[in-house]
S.K.: 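First the structure, which I've put down as structure tokens, then a few questions once you've had a look.
Numbered from 1 within each chain, the chains take letters A, B, ... in sequence-line order.
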Protein chains: 2
Amino acid sequence: MQKQQSTFSIAAVERDTGLPKDTLRMWERRYGFPQPERDSNDERLYPADQVDKLRLLKRLIDQGMRPGKLIMASADELARLLENHQPKGIECPAAASRCSSLIELLRLHRADELRRALQQVLLKQGLQEFVTSTIAPMNQMIGSAWLRGEIDVAEEHLYTEQVQNILRNAISAQGGGSRPRVLLTTLPDELHVLGLLMAEAMLVSEGATCVSLGTQMPLADIDAAAQAGGFDIVALSFSAAFPARQAIDGLTALRQTLPANISLWAGGRALAERKPGIAGVSIITDIADATGALEEWRNKNLQ
Amino acid sequence: MQKQQSTFSIAAVERDTGLPKDTLRMWERRYGFPQPERDSNDERLYPADQVDKLRLLKRLIDQGMRPGKLIMASADELARLLENHQPKGIECPAAASRCSSLIELLRLHRADELRRALQQVLLKQGLQEFVTSTIAPMNQMIGSAWLRGEIDVAEEHLYTEQVQNILRNAISAQGGGSRPRVLLTTLPDELHVLGLLMAEAMLVSEGATCVSLGTQMPLADIDAAAQAGGFDIVALSFSAAFPARQAIDGLTALRQTLPANISLWAGGRALAERKPGIAGVSIITDIADATGALEEWRNKNLQ
DNA sequence: GAATCAATTTGTCCAGGACAAAAGGTGGCG
DNA sequence: CGCCACCTTTTGTCCTGGACAAATTGATTC
């Protein structure tokens with residue numbers, strides 16, 4: 001494939017950025033950006049740099065900013081805004097160096113060694129600490145490396161696969177089996193599975209019974225499954241890329257249909273910044289707080 | 001959520017059926033179907049039965065049929081056509097009854113017991129037979145139960161999760177480590193991961209070295225990753241829901257960019273019916289043939 | 001049977017208008 | 001000072017109807 005193909009059709013841009021065709025045309029009409037070239041058939045051809053800027057715009061808008069304020073800014077300014085919003089380095093230097101060396105293996109495509117190294121760290125730290133002080137910071141580092149273009153799709157997927165294998169393995173090995181019963185899933189449009197597995201790992205370690213439905217579960221089906229399965233808690237995960245508004249809307253709607261005796265928990269980077277505060281929904285901003293929330297639930301519900 | 005909400009906006013229908021808004025409007029203009037009602041603001045409202053028929057149409061078209069021939073048919077006729085195309089029961093009665101009892105557990109939402117039962121069958125059969133004579137027929141049965149509406153989203157996801165855990169676990173336990181080196185993934189728009197894991201399980205059992213990149217890998221990145229990682233084989237998986245044409249196009253394009261010394265394998269239900277025959281691409285119609293293909297490769301390439 | 005060419009089918013794009021829903025701002029009131 | 005009701009602006013999605021290229025089919029010839 002032509003990696004350096006320099007222009008994209010409107011359909012390609014829609015796939016690539018997640019901005020609907022209608023919106024792309026409307027922005028062009030209203031704001032004068034983007035301003036694609038035209039091919040012989042008068043169809044839009046977006047240059048790569050405009051697509052890059054559109055990607056940045058989309059992410060900022062998903063975080064709650066408004067197009068009108070952003071669209072005049074340069075790509076550099078947008079990138080700076082995005083960095084301000086997102087990643088505030090890793091505090092602990094030990095964790096940072098541990099993660100860096102793992103990421104180095106990833107960059108070299110050493111899948112086997114990466115796997116072995118992860119396994120080793122897991123054994124040393126134990127599951128909960130592995131999740132909170134290795135996987136969580138790694139996700140963050142990889143996220144920002146991805147934004148900077150230092151990591152490509154294949155590497156990111158490879159990472160996800162390896163971590164997924166390790167976590168699923170570790171979760172299976174844990175017992176679980178007592179209360180509460182937790183149903184884990186994500187809303188439609190959320191494809192990222194690692195947050196879910198991290199939450200499951202934390203909770204299973206504390207003896208909770210977890211059932212994961214994977215990603216992309218329609219609201220109505222979450223509700224039905226939670227009631228049918230006799231669950232105490234429904235836990236949803238939202239990655240950094242998930243539009244905050246969509247998350248809030250979904251949680252609000254689900255809280256309304258879900259019976260009051262089933263708790264609703266939500267976690268993930270999408271909600272970490274602007275902690276929304278929705279009546280009857282527990283927002284867990286840091287994965288390490290999951291154990292605390294569980295303890296709290298047990299104190300309340302098992303006298 | 002209102003499960004029995006009887007009408008859908010055009011955006012909802014697009015999400016639900018995968019048919020673009022433009023196409024929905026064009027069909028209405030050209031063929032007179034669908035013929036949605038309008039709300040107070042003159043926006044289309046599609047009744048549920050029309051959406052059901054659209055779903056059937058989409059699947060048949062993805063199999064290579066033409067809209068003009070199908071669109072006049074009733075939903076019943078379409079359903080019959082689809083059944084003719086797809087599922088031809090399970091031959092082996094032992095396998096069928098084994099699968100039925102597992103599916104029964106699924107229907108009852110007994111996640112734990114399902115897991116234990118699967119684990120037990122795996123231990124009894126061994127990984128390869130487990131994949132070929134338990135998982136493969138189960139997928140098929142669940143697929144048709146899903147078409148008949150006997151299984152809902154949550155149950156289908158629960159099944160996928162449980163099988164995924166079992167397979168990932170089993171794959172990790174196998175050694176692998178010798179040639180060939182196989183890169184496994186799916187094309188964009190293909191979300192189903194079980195086919196990939198089944199293939200990985202078969203190949204790892206034979207001692208091949210497998211690296212999975214999970215689902216949804218853009219063509220250009222598959223090419224780049226295969227070359228960078230020194231792989232001998234790229235293996236792609238296509239579920240029954242994947243449009244055959246899109247699969248063929250993708251395979252053709254990938255074959256062109258991929259160096260000749262890297263083999264390209266493709267498998268899955270999407271290709272099982274109309275075995276396409278693409279120069280330089282091995283189509284593996286039955287998961288059990290994976291071992292044979294591997295042997296063949298070894299005979300050719302390690303003298 | 002294979003290959004070439006014309007006719008038909010089909011999906012995607014375009015322009016520009018309309019409008020509802022969301023967000024932001026303002027002022028009064030407790 | 002916080003909160004609520006109301007108004008203005010912003011923003012995205014939908015609409016119509018026209019156009020055309022790409023894919024597919026069918027006819028004709030070799």
S.K.: How would you list, by chain and number, every residue that makes a side chain to side chain contact (heavy atoms under 4.5 Å, CB included) with B:Asp76, sequence neighbours excluded?
M.R.: B:Ser74, B:Arg80
S.K.: Give the rounded distance in Å between these two atoms: CG of A:Leu24 and C1' of C:dC13.
M.R.: 13 Å
S.K.: How many whole angstroms separate atom CG of A:Asp39 from atom P of D:dC20?
M.R.: 13 Å
S.K.: Charged N to carboxylate O under 4.0 angstrom, B:Asp62 versus B:Arg59?
M.R.: no
S.K.: Summarise how protein sits on nucleotides 6-15 of chain D as a single string, 5' to 3': B when a protein heavy atom is under 4.0 Å from the base, S for sugar-phosphate-only contact, - for no contact.
M.R.: ----SBBBBS
S.K.: Spell out, as yes or no, whether a donor-acceptor pair under 3.5 Å connects the side chain of A:Arg255 to the backbone of A:Gly280.
M.R.: yes
S.K.: Atom CD of B:Glu28 and atom C1' of C:dT12: how far apart are they, to the nearest Å?
M.R.: 17 Å
S.K.: Whole angstrom is fine here: how far is it from CE in A:Met65 over to P in C:dA23?
M.R.: 14 Å
S.K.: With sequence neighbours excluded, tell me which residues meet salt bridge (Lys or Arg N to Asp or Glu O under 4.0 Å) with B:Glu43.
M.R.: none
S.K.: Looking only at atom types and distance, does a side-chain atom of A:Gln216 sit under 3.5 Å from a main-chain N or O of A:Pro218, one as donor and one as acceptor?
M.R.: no
S.K.: Ignoring hydrogens and geometry, is there a side-chain-to-backbone donor-acceptor pair from B:Glu190 to B:Ser239 under 3.5 Å?
M.R.: yes
S.K.: Please give, in whole Å, the distance from C:dC14 P to A:Glu37 CD?
M.R.: 14 Å
